[in-house]
Trainee: 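First, the structure itself, so that you have it in front of you.
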Amino acid sequence: MSGEIFVFGRCEVRVAQRQVLLEGRLQPLEPLPFDLLVYLIRHRHQVVTKARLLDDVWRNRHLGEAVISVAIQKARLAIGDSGRPPRLLATVPRRGYRFIGEPDEHQVRESADPGATSDRSTPLLLANRPLQAAPPVDRSLMGWLESLARSDDAAALTLATRLLEQAHAAGLVPMEAAAHRVLARLHARQGAACLAKLHLNEVMRLTAAEAPPWEARNDRHFLYHALDQSPDPIFIKDQAHRWVFLNRAFCRFIGHAREDLLGKSDYDFFPAGQADVFWQQDDVVLRSREESTNEEVITPSRGATFIATTKKTILVDDSQESFLIGTLRCRQHG
């Protein structure tokens, strides 16, 4: 694993930890935009074409170039490069992109000993081991996590993410909910309210799944439980077009686990031309706040193309925040 750390201006990119820090605060950045950012930094002495990015970062030449534009926007936001013109990630018209920031020799560095063990790295080593259902292991890991969450946001974020992945794979629902709870607290402390809400939604979904219906604490538990039972694919998006809930039928239809989809957008999983249409249709409903029914062509990851009759409407929660809820009725195309 690379120990590279790139520091430029107010920003630090830690390759091994897959972290971007802006003025010392951890910034949310999805895997592909992060890989794109690192690739452009490493190749900063040249213009990188879009075709090369599709080959080397996405490993799929057949994707539309719009996915690159969306990833560039996300990377710029994470590193605080939202000015006009950008100071770090430059667009070279009709050619591609180039990272024009220039960290000096002392700012591009390798960790002295990536394998070294310290008090702070101990929980990360623990998290790399497969989780067991045995309570002593669970208490040890969660104890480390709670301790880190009080003292080191970056290390706690890394540990909580790894624990979440392993708890989900092992079917340890209480630990999965606990990891989501810590992640919600960390993101809220860093000012990432939307990410905090996503994790809290997952806590509610998981605890609702564990408890009998009469123990559910609020209406959202009932809503998510009811949506999960529907045979039709259903999704809920926030104002930024990111998925905040997807029922089981939608996850099966698109061919991805729910935790891989939450917080992402159509551009992360569908061809760019289709994602453009979904985004435009969503905007119509978000602006007009009126129900809309239309037909859309959808190609999930498994490759078959479907015609979907999509009904979209506005859902307003208890805090008066508006969300887009959509239901799909699909038939295979051709």
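As the structure is a prediction and not an experimental result, all values here were calculated from the model.
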Trainee: Quick check against the 3.5 Å criterion: does D266 have a side-chain atom that pairs as donor or acceptor with the backbone of F270?
Mentor: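 Not confirmed, D266 side chain does not pair with F270 backbone.
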
Trainee: Compute the centroid of each ring, for F253 and then for F306, and state whether the two points are separated by less than 6.0 Å.
Mentor: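 Ring-ring flag for F253/F306: true, centres closer than 6.0 Å.
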
Trainee: Compare every heavy atom of P33 with every heavy atom of A71, then report the nearest pair and how far apart it is.
Mentor: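 Looks like O-CB, 3.8 Å.
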
Trainee: Got a donor-acceptor contact below 3.5 angstrom from the R329 side chain to the A308 backbone?
Mentor: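 Not a single qualifying donor-acceptor pair exists.
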
Trainee: With distance as the sole test, does D35 use its side chain to make a donor-acceptor pair with the main-chain N or O of V57 at under 3.5 Å?
Mentor: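 Between the backbone of V57 and the side chain of D35 there is no qualifying donor-acceptor contact (under 3.5 Å).
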
Trainee: Is N247 reaching over with its side chain to a backbone N or O of D232, donor-acceptor style, under 3.5 angstrom?
Mentor: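 At least one qualifying donor-acceptor pair exists.
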
Trainee: Under 4.5 Å between side-chain heavy atoms, counting indirect links through other Ile/Leu/Val/Met/Phe/Trp/Tyr residues: same cluster for I314 and L328 or not?
Mentor: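 Yes, I314 connects to L328 through the hydrophobic network.
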
Trainee: Start with the C-alpha gap between T309 and T293, add the side-chain angles, then the distance that decides, and say whether side-chain contact (heavy atoms from CB on, under 4.5 Å) holds.
Mentor: CA-CA 7 Å; T309 300; T293 301; 3.9 Å; yes

Trainee: Would you mind reporting whether H43 and R98 have side-chain heavy atoms less than 4.5 Å apart?
Mentor: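 Heavy-atom side-chain distance check fails, nothing below 4.5 Å.
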
Trainee: Using the rule given for side-chain contact (heavy atoms from CB on, under 4.5 Å), can you reason through S292 versus K311, listing the C-alpha separation, both sets of side-chain angles and the distance that settles it, and then say yes or no?
Mentor: CA-CA 6 Å; S292 170; K311 178 179 287 188; over 6 Å; no

Trainee: Give the minimum heavy-atom separation between R42 and F6, together with the two atoms involved.
Mentor: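 Looking at all heavy atoms of both residues, the closest pair is CG-CZ, 4.0 Å.
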
Trainee: Rounded to the nearest 0.5 Å, what's the gap from CZ on R76 to CG on D81? Could you check?
Mentor: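 R76 atom CZ to D81 atom CG measures 6.5 Å (nearest 0.5 Å).
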
Trainee: Report the C-alpha distance between N294 and E296 in whole Å, list the side-chain angles of each, state the deciding distance to 0.1 Å, and finish with yes or no for side-chain hydrogen bond (donor to acceptor under 3.5 Å, both in side chains).
Mentor: CA-CA 7 Å; N294 57 280; E296 299 171 343; 3.0 Å; yes

Trainee: Could you tell me the separation between the CG atom of L261 and the CZ atom of R242, rounded to the nearest 0.5 Å?
Mentor: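 CZ of R242 is found 14.5 Å from CG of L261.
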
Trainee: Do Y39 and V92 sit in the same hydrophobic cluster, where Ile, Leu, Val, Met, Phe, Trp and Tyr count as joined when their side-chain heavy atoms come under 4.5 Å apart?
Mentor: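 No, separate clusters.
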
Trainee: Do any N or O atoms from the side chain of Q274 and from the backbone of T299 form a donor-acceptor pair under 3.5 angstrom?
Mentor: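 Yes, the answer is positive, given that a donor and an acceptor are paired below the 3.5 Å cut-off.
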
Trainee: Does R44 reach the main-chain N or O of I41 with its side chain, forming a donor-acceptor pair under 3.5 Å?
Mentor: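 The answer is yes, because a donor-acceptor pair under 3.5 Å joins these two groups.
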
Trainee: Taking it one step at a time, do D268 and L32 satisfy side-chain contact (heavy atoms from CB on, under 4.5 Å)?
Mentor: CA-CA 9 Å; D268 296 303; L32 279 171; 5.7 Å; no

Trainee: Centroid-to-centroid, F8 to F99, below 6.0 Å?
Mentor: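 Yes, they do, as the ring centres are separated by less than 6.0 Å.
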
Trainee: Would you indicate whether the side-chain heavy atoms of L54 and K50 approach each other to under 4.5 Å?
Mentor: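 They are not in side-chain contact.
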
Trainee: Write down the atom of V20, the atom of C11, and the distance for their closest heavy-atom approach.
Mentor: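 For V20 versus C11, the nearest heavy atoms are CG1-SG, 3.8 Å.
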
Trainee: Once side chain to side chain contact (heavy atoms under 4.5 Å, CB included) is applied, do any residues pair with A257, and if so which ones, sequence neighbours excluded?
Mentor: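 Once residues adjacent in sequence are excluded, the partners of A257 under the side chain to side chain contact (heavy atoms under 4.5 Å, CB included) criterion are E259, D260.
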
Trainee: Nearest 0.5 angstrom please: L26 CG to Q17 CD, how far?
Mentor: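 Answer rounded to 0.5 Å: 10.5 Å.
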
Trainee: Looking only at non-hydrogen atoms, find the nearest pair between S265 and K74 and report the distance.
Mentor: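 Looks like OG-NZ, 4.2 Å.
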
Trainee: Got a second to check how far F278's CZ is from H241's NE2, nearest 0.5 Å?
Mentor: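 That separation rounds to 13.5 Å.
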
Trainee: Any luck finding a side-chain donor-acceptor pair between T49 and R95 under 3.5 Å?
Mentor: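 No, because no side-chain N or O of T49 sits under 3.5 Å from a partner of the opposite role on R95.
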
Trainee: Hey, could you give me the CG/CZ distance between D282 and R287, rounded to the nearest 0.5 Å?
Mentor: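 One gets 10.5 Å once the value is rounded to the nearest 0.5 Å.
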
Trainee: Which residues pass the side chain to side chain donor-acceptor pair (under 3.5 Å) test with K264, sequence neighbours left out?
Mentor: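 For K264, no residue satisfies side chain to side chain donor-acceptor pair (under 3.5 Å) once neighbours in sequence are set aside.
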
Trainee: Do any N or O atoms from the side chain of R18 and from the backbone of P31 form a donor-acceptor pair under 3.5 angstrom?
Mentor: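 Answer holds: yes.
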
Trainee: Closest approach of P86 and I100, non-hydrogen atoms and distance?
Mentor: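 Closest pair (atom of P86, atom of I100, distance): O-CD1, 4.0 Å.
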
Trainee: Transitively linked via ILVMFWY side-chain contacts under 4.5 Å: L324 with I254?
Mentor: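 Yes, because L324 and I254 connect within a single hydrophobic cluster, where side-chain heavy atoms sit under 4.5 Å apart.
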
Trainee: Are H256 and C251 packed together at the side-chain level, in the sense that at least one heavy-atom pair is separated by less than 4.5 angstrom?
Mentor: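 In short, these two side chains do not touch, never coming nearer than 4.5 Å.
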
Trainee: Using every non-hydrogen atom in the two residues, find where T91 and Y97 come nearest and quote the distance to one decimal.
Mentor: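 Heavy-atom minimum between the residues: OG1-CE2, 3.3 Å.
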
Trainee: Is any side-chain heavy atom of L89 closer than 4.5 Å to one of I79?
Mentor: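 The answer is yes; the side chains approach within 4.5 Å.
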
Trainee: Within the structure provided, determine whether R52 and Q46 are in side-chain contact (heavy-atom separation under 4.5 Å).
Mentor: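 Heavy-atom side-chain distance check passes, below 4.5 Å.
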
Trainee: Could you state whether L22 and L40 fall into the same hydrophobic cluster, counting links through intermediate Ile, Leu, Val, Met, Phe, Trp or Tyr residues with side-chain heavy atoms under 4.5 angstrom apart?
Mentor: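 No, because L22 and L40 fall into different hydrophobic clusters, even though each may have its own neighbours under 4.5 Å.
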
Trainee: I want to know whether F245 and F235 have ring centres closer than 6.0 Å.
Mentor: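 Ring centroids of F245 and F235 are no less than 6.0 Å from each other.
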
Trainee: Do Y267 and L53 share a hydrophobic cluster (ILVMFWY, side-chain heavy atoms under 4.5 Å, transitive)?
Mentor: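 The answer is no; the residues belong to distinct hydrophobic clusters.
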
Trainee: Can you list the residues that meet the side chain to side chain contact (heavy atoms under 4.5 Å, CB included) rule with A184, with sequence neighbours excluded?
Mentor: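 With sequence neighbours excluded, A184 shows a side chain to side chain contact (heavy atoms under 4.5 Å, CB included) to H199, L200, given in chain and number order.
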
Trainee: For the CD atom of Q280 and the CG atom of D283, what is their distance to the nearest 0.5 Å?
Mentor: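 Output value for this atom pair is 8.0 Å.
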
Trainee: Could you tell me how the ring of W243 sits relative to the ring of F269: parallel (under 30°), tilted (30 to 60°) or perpendicular (over 60°)?
Mentor: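 The arrangement is tilted - the two ring planes meet at 30° to 60°.
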
Trainee: Yes or no on side-chain contact (heavy atoms from CB on, under 4.5 Å) for I298 and I307, after CA distance, side-chain angles and deciding distance?
Mentor: CA-CA 6 Å; I298 300 180; I307 303 295; over 6 Å; no

